[in-house]
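Working notes, structure below.
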Amino acid sequence: MERLEKQFYEQPTLELAEQLLGKIFVHILPGNIRLTGRIVETEAYLSHQDEASHAWRGRTTRNQIMFRKPGTIYIYFTYGCHYMLNIVSEPEHCAGAVLVRAMEPLEGLLFMQEQRGTSVMTNLMSGPGKLARALAIDGNCNGQDLFGKEFFLENAPPLPKEMIATSTRVGISKSRELPWRKFIRNNPHVSKGKVT
DNA sequence: AGCGTGATCTTT
DNA sequence: AAGATCACGCTG
């Protein structure tokens, strides 16, 4: 399947959060090892309209990558041990982003199992911290983009509307009521937040 | 249900 | 300079 190009990432953040479901995330390791997963859960983060977004008060040292061109990868470190993978959306300087919260592991399973210390498939990438670890993503990836040799997305047929579920976001205290989490209904690889 | 772990942001 | 918070995951 072909790679997704620039215009795919330029859509409004909420639409991109839905469109990303089902797409294949690819990380190529040195030695041409493919680590890949199918995105099954996302969350939208806007900028100034969204109190829970890192960008809601404007540009800082940490969030500056969110202001870059769509398709850029924004990684940050939290709780002293986890890296979070975000994909920048909207036109440049708007600072929208989509948090990738869960994937279904596809290729590189042995590597992922070693990274994660488990071989239970539904536990490899069923959460944002877990998937970053499984895909060998850390702070060095911050600011890279999805148009190079190392990271990109592969296309997949759009999902039927009835397979897409919506809920409030998880793990935040501000703007809790916003229904900006998107996930594939009844998929066993979504995080242990809320299921329907 | 409780806590580790460290960067970042807010308040003094 | 100090304190609070955190887009989490693991043990128990």
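Computed from a predicted model, the values in this text were never measured in an experiment. Only this structure's heavy atoms are used, side chains among them; waters, hydrogens and symmetry mates stay out. Below, chain A is the first sequence line, B the second, and so on; all start at residue 1.
- Rounded to an integer number of Å, the gap from OH of A:Tyr76 to P of C:dT5 is 17 Å.
- The two atoms that bring A:Ser89 and A:Pro70 nearest to each other are C-CB, 4.0 Å, heavy atoms only.
- Following rounding to the nearest Å, A:Leu85 (CG) and C:dG9 (C1') show an atom-to-atom distance of 17 Å.
- Spacing between atom CD1 of A:Ile75 and atom P of C:dA7 amounts to 15 Å, rounded to whole angstrom units.
- Rounded to an integer number of Å, the gap from CZ of A:Arg57 to P of C:dA7 is 14 Å.
- Between the side chains of A:Thr13 and A:Glu90, a donor-acceptor pair is found at a separation under 3.5 Å.
- Considering A:Glu18, A:Lys182, A:Arg181 in turn, A:Lys182 is the only one that fulfils the side chain to side chain donor-acceptor pair (under 3.5 Å) rule with A:Thr166.
- Across all strands shown, B:dT5 forms no Watson-Crick or G-U wobble pair with both distances under 3.5 Å.
- The partner of C:dA7 cannot be assigned: no Watson-Crick or G-U wobble pair with both contacts below 3.5 Å exists in any strand.
- A cation-pi contact links A:Arg169 to A:Tyr45, judged by a cut-off of 6.0 Å to the six-membered ring centre and 45° from its axis.
- When heavy atoms are screened at a 4.0 angstrom cut-off, A:Arg116 is found touching the sugar-phosphate backbone but no base atom.
- One atom, OH of A:Tyr79, and another, C1' of C:dA4, lie 12 Å apart when rounded to the nearest Å.
- Contact annotation: A:Ser173 side-chain N/O to C:dC6 OP1/OP2 distance is under 4.0 Å.
- Straight-line distance from the OH atom of A:Tyr45 to the C1' atom of C:dC6: 11 Å, rounded to whole Å.
- Counting non-hydrogen atoms under 4.0 angstrom, A:Thr61 reaches nothing in the nucleic acid.
- For the pair A:Arg101 and C:dA7, the criterion of a side-chain N or O lying under 4.0 Å from OP1 or OP2 is not met.
- Going from atom NZ of A:Lys130 over to atom C1' of C:dA7 covers 15 Å, rounded to whole Å.
- Contact annotation: A:His54 side-chain N/O to C:dA7 OP1/OP2 distance is under 4.0 Å.
- Counted by atom type alone, A:Thr168 and A:Arg176 present zero donor-acceptor pairs between their side chains at under 3.5 Å.
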